[in-house]
There are 2 protein chains.
Amino acid sequence: RLILRATEREALMKHYEEKRYTERVAIERIEAESRAQADDMVVAEVPFTILLNGVEVATLLCYPSALTFLAAGYLFSEGFVDAGTDLSEIVVNEKGCYVQVTAKGTVRLPHGNLTGRLVISGCGQCRVPLMQGVGNGLPAPVSSDLRMDHRVLIEMMNQFQESSAVFRDTGAVHSCAICDRRALGYQADDIGRHNALDKVVGWSFLNGIDREDKVLLITGRASSEMVLKTVRAGIPVLVSRSAATSLGVSLAEHLGCTLIGFARGGRMNIYSHGFRVG
Amino acid sequence: RLILRATEREALMKHYEEKRYTERVAIERIEAESRAQADDMVVAEVPFTILLNGVEVATLLCYPSALTFLAAGYLFSEGFVDAGTDLSEIVVNEKGCYVQVTAKGTVRLPHGNLTGRLVISGCGQCRVPLMQGVGNGLPAPVSSDLRMDHRVLIEMMNQFQESSAVFRDTGAVHSCAICDRRALGYQADDIGRHNALDKVVGWSFLNGIDREDKVLLITGRASSEMVLKTVRAGIPVLVSRSAATSLGVSLAEHLGCTLIGFARGGRMNIYSHGFRVG
């Protein structure tokens, strides 16, 4: 179904493996009583504009890896397209920092003053559990027979957290990875935790990967938007290295998602639907 | 100029001092080989809708402290109002999670498919240094005679990082504080680093505080948006506990802002305009 321009796709796949988008900058470093000229590596941050069927949908500030996946994942996560939508062409212009996506089938373009940002008009605390994305409400609850061994999960979290070279170089990115009950799969980095997740979801979407037996690992906080994106992708388990928020927990509970936080150093907190982790 | 409803203002001021918006949730904790029922504290996350002169401007997902300041700071940081705009009334409805702001003078309401999100159509890397907020371009460069001793800055960063009770309880918030060359001032927490900064800027705005001799301290990464918000507020120095990004550094350089990263444990990296720190 999908036509990726072959050279760009290869380039993007290689980028994840080989290329680090960093810049060396001249700094002054103060340490104890010394002050010295030094070099430092900073992570690249670029604006990236997504056009869907010729309409400007959003401009994301992002780390410029895996832009094809970011575009697809963002459009899907935010409800502009569905899993069944035919993304017939995705052409990334790296120099111009934009992507043109051609889609057939279900396409929801922004109108009025709605953009790709999820607009939430209520929550548990407000007693008005109504959420509005672009033309769609809460995603359907996730259903999955997945069962996982917590020791495998702990081992994968350890691997996951050690594998981002960009993080080691710059300390400035979040990561997201997808895994099944046995092994770690595709992993992406970004300066934004939402973008990192969208890249992984976009990867799974463009590669026709089943998601109902998968798990997402993230370094950033599990807030409401992270849970919603996970559930919308049909992924039953979200595991964070850091904390969860109240709205994240209540949405995960409501939507059948296993939410795990503080998964590091051999421990984890299970906030909802713990039956999937044995 | 400004009329805050007194009870709400008092309540909000007290909230920062006394109230922590957290929820106790039942979890399962896995640690070594044990799995046990336990309690955990999670930080409150709520959607908060901002109406400006009756028009819905944005819905933020936020930590519900200092909502008056968040509303004012967001409207100012994102260019909906200017420093000279008369915010004649700010009425927070905490139960409904929304705020109604009445403003006179310069007011830029969203139109078309623009929302409060900063839309950036170019950057250094793209060689098109054009940025568009809501009707405004890049902020004017910051100018200030402020000079600071780096030892005072290090001491304030230490205090700042130890003073968030919500972070100690939940590990899930970012903080922002304002200080002058001698002492730490108002501090705010939020689940989003942008919101925490907006709360502090809103506080300074509503209290008529001079900003050209102040410094912002943040726990989160210094990306382009954080630098832009700092400069737009007229604050000459931004100090982060964590990393800076390439676009953050180049904007700070261009806009006369002293940008400092990795300020912790007695050290710091100065990325731009280091003359203000002695």
Side-chain angles (χ1 to χ4, degrees), chain A residues 22-23 25 27-32 35 38 40 42-47 49 56 58-59 61 64 95-97 110-115 117 119-123 125-126 128 150 154 170-172 191 221 223-225 242-249 261-262 266-271 274 277, chain B residues 22-23 25 27-32 35 38 40 42-47 49 56 58-59 61 64 95-97 110-115 117 119-123 125-126 128 150 154 170-172 191 221 223-225 242-249 261-262 266-271 274 277:
Chain A
T22 53
E23 278 180 32
V25 294
I27 65 165
E28 289 180 274
R29 177 167 287 138
I30 292 180
E31 197 160 6
R35 180 178 185 135
D40 193 34
V42 294
V43 70
E45 177 190 8
V46 302
T49 299
E56 194 174 319
T59 295
L61 291 161
K95 204 168 161 200
C97 294
H111 50 83
N113 64 1
L114 270 180
T115 67
R117 300 298 305 168
V119 178
I120 297 190
S121 62
C123 69
Q125 178 149 347
C126 313
V128 190
H150 73 274
I154 286 169
T170 67
I191 55 166
R221 281 159 302 146
S223 59
S224 60
E225 288 178 300
S242 58
T245 67
S246 66
L247 190 51
V249 172
F262 293 112
R267 52 165 285 195
M268 62 180 75
N269 290 350
I270 305 177
Y271 292 102
V277 177
Chain B
T22 53
E23 276 180 34
V25 294
I27 66 165
E28 290 180 273
R29 178 167 287 139
I30 291 180
E31 197 159 6
R35 179 177 184 136
D40 193 36
V42 293
V43 70
E45 177 189 8
V46 302
T49 299
E56 194 174 320
T59 295
L61 291 161
K95 206 169 158 198
C97 293
H111 50 83
N113 64 0
L114 271 179
T115 68
R117 301 297 305 168
V119 178
I120 298 191
S121 61
C123 69
Q125 179 149 349
C126 313
V128 190
H150 74 273
I154 285 170
T170 68
I191 55 167
R221 282 159 302 146
S223 59
S224 59
E225 289 178 300
S242 58
T245 67
S246 66
L247 190 52
V249 171
F262 293 112
R267 52 163 285 192
M268 61 180 74
N269 290 350
I270 305 177
Y271 292 102
V277 177

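Letters A, B, ... mirror the listed sequences (proteins, then strands); counts begin at 1.
For the pair B:L247/A:L61, a side-chain contact is recorded, criterion being any heavy-atom separation below 4.5 Å from C-beta on.
Side chain of A:E45 to main chain of B:S224: a donor-acceptor pair is present (N/O by atom type, distance under 3.5 Å, no hydrogens or angles).
Of all the listed residues (B:A244, B:A243, B:A172), the one sharing the greatest number of non-hydrogen pairs under 4.5 Å with chain A is B:A172. Chain B forms the most heavy-atom pairs under 4.5 Å with one residue out of A:H150, A:E28, A:E31, and that residue is A:E28. Of the residues considered (B:G261, B:G171, B:S223), B:S223 shows the highest number of contacts with chain A, using heavy-atom pairs under 4.5 Å. Of the listed residues (A:V25, A:I191, A:V249), the one with the most heavy-atom contacts under 4.5 Å to chain B is A:I191.
Neither the backbone nor the side chain of A:S242 comes within contact range of chain B, judged by heavy atoms closer than 4.5 Å. Interface remark: A:D40 contributes side-chain atoms only to the contact with chain B (heavy atom separation under 4.5 Å). For A:R29, the parts sitting under 4.5 Å from any heavy atom of chain B are the backbone and the side chain alike.
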message = Run A:R35 and B:I270 through side chain to side chain contact (heavy atoms under 4.5 Å, CB included) and show every step you take.
response = CA-CA 10 Å; A:R35 180 178 185 135; B:I270 305 177; 3.7 Å; yes
Next on the checklist: Between B:I30 and A:V277, does the side chain to side chain contact (heavy atoms under 4.5 Å, CB included) criterion hold? Intermediate values first, please.
Outcome noted: CA-CA 10 Å; B:I30 291 180; A:V277 177; 4.3 Å; yes
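Nearest heavy atom pair, residue B:Y271 against residue A:I27, reads CD2-CG2, 3.3 Å.
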